[in-house]
**Student:** 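Dropping a structure here in structure tokens format, bear with me for questions.
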Protein chains: 2
Amino acid sequence: MLEYIILGILMYGDKSGYDLKQYIQRIMSNFFDASFGSIYPALKRMEHRGIIVSRETVEGGKFKKFYTISDSGKAEFMNWMEQPVEFSKTKPDHLIKVFFCRFLPKEKVRDHLCALKKEVEPVLHVLEHNGPEVKKQYDIYQFSTLKFGVGYYKYILNWCDDLLRALED
Amino acid sequence: MLEYIILGILMYGDKSGYDLKQYIQRIMSNFFDASFGSIYPALKRMEHRGIIVSRETVEGGKFKKFYTISDSGKAEFMNWMEQPVEFSKTKPDHLIKVFFCRFLPKEKVRDHLCALKKEVEPVLHVLEHNGPEVKKQYDIYQFSTLKFGVGYYKYILNWCDDLLRALED
DNA sequence: TGTTCCATGTAAACTGTTACATGATTAT
DNA sequence: ATAATCATGTAACAGTTTACATGGAACA
């Protein structure tokens, strides 16, 4: 996942490991985070595989290593973008690919969002179905965690609809 | 985290590794999951440390290993329950401790929920503060992931309020 | 002169999943 | 017969965090 995120950020322009960390922390922190201990080794692996290329610079006596996405890196990124949006019951992983949807035609984005909704719906229905039984057999706290899930999945569906509407104009 | 969850479930009564997996899958699946490959080694570690005790049974020719929480296990669990609710920006970890709040007096639960709100609020405000800037500099998809975060944190706060209200009666 | 920030990187530890191995029982 | 479910467990791998090590630049 981290490698695709790095590729995605590099699609917007060259960045150093430090810059990547800043970027992720600044605008992706509500759905993803990564430490230096994961970013630097990832960059090394990725350069070794040829999907990114490094360029060492010295600006004002300051050493910095910039990374550029290669053609094979772009191909790998776009291939990942074509795959369905990842959905997790316990993490907002679906936001990761949506974040980079700029690189996809609107129609494909629509397909992705509709497919995502079709993944969330049955999960919501199972929880709603369990609701009455849990309310009987379990206590208020356990039931409240279930209610959290129901509201959360509904929120994802509404968010998808909002984005789909925004894409219409 | 898994070890505390196992302790918490065993607070309700003895269970086998298989039962624990079923239980987690059935009613905690929207905020936590664990595989057998993590549950069985955890049980082994925990028994070695003396916080749980196993008992092997054969019922109808079927072998099963039940685990009981020990007094030191109960002490460790309660100590964890007294600590503030864990909050993660990217996962609904706060539900884990709330799930077991039955073992805490109402006043302590109230404190936990208020403290949780106080942790979520600044995170929400930072996101809301970044909003206008992100809307300008970034595209609709990136902005939509930020909006997801804003709505999500608001949802957590509302859910806390609902639970606090339910505790009043 | 000391502290903070910029910047890169490594090693150990932790946490967890996937896949496999085993074997009994139950349902078709 | 055979497939599915019950039940326990291990080994290999994957991904990550934390803590450490290093060193220059900016600032007070």
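Given the structure is predicted, the values throughout are model-derived calculations rather than measurements.
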**Student:** Could A:Asp111 and A:Lys108 be called an ion pair, given the rule that one side-chain N must be under 4.0 Å from one carboxylate O?
**Tutor:**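 Result for this pair is no, no salt bridge flagged.
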**Student:** Would you say CZ of B:Arg110 has more than 12 non-hydrogen atoms from neighbouring residues, nucleotides or ligands within 6.0 angstrom?
**Tutor:**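 Yes, CZ of B:Arg110 has more than 12 neighbouring heavy atoms, counting only those of other groups under 6.0 Å.
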**Student:** For A:Asp14, is there an ion pair with A:Arg55 - N to carboxylate O distance below 4.0 angstrom?
**Tutor:**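 Yes.
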**Student:** Within 45° of the ring axis of B:Tyr18 and under 6.0 Å from its six-membered ring centre, is that where the NZ or CZ of B:Lys64 lies?
**Tutor:**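 No, cation not above the ring by the 6.0 Å, 45° rule.
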**Student:** Can you tell me if B:Tyr12 and A:Gln142 form a side-chain donor-acceptor pair at under 3.5 Å?
**Tutor:**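 B:Tyr12 vs A:Gln142: donor-acceptor pair found between side chains.
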**Student:** Could you tell me how far apart B:Asp93 (CG) and C:dG16 (C1') are, to the nearest whole angstrom?
**Tutor:**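 Distance check: B:Asp93 CG to C:dG16 C1' gives 14 Å.
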**Student:** Output one letter per nucleotide in nucleotides 3-17 of chain D: B when a protein non-hydrogen atom lies under 4.0 Å from the base, S when only the sugar-phosphate is that close, - when neither is.
**Tutor:** ---BBBBB-----SB
**Student:** To 10°, what angle do the rotation axes through the five end pairs on each side of the helix from C:dT1-D:dA28 to C:dT28-D:dA1 form?
**Tutor:**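 For the helix from C:dT1-D:dA28 to C:dT28-D:dA1, the axes at opposite ends meet at about 30°.
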**Student:** Checking B:Glu121 now: which residues fulfil salt bridge (Lys or Arg N to Asp or Glu O under 4.0 Å) with it, not counting sequence neighbours?
**Tutor:**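 Counting only residues at least two positions away or on another chain, B:Glu121 forms no salt bridge (Lys or Arg N to Asp or Glu O under 4.0 Å).
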**Student:** Between A:Phe103 and A:Phe77, does the ring centre distance come in under 6.0 Å?
**Tutor:**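 Yes, they do, as the ring centres are separated by less than 6.0 Å.
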**Student:** Counting only heavy atoms from other residues, nucleotides and ligands, does the tally under 6.0 Å from NZ of A:Lys91 exceed 12?
**Tutor:**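 It does not: A:Lys91 NZ has 12 such atoms or fewer within range.
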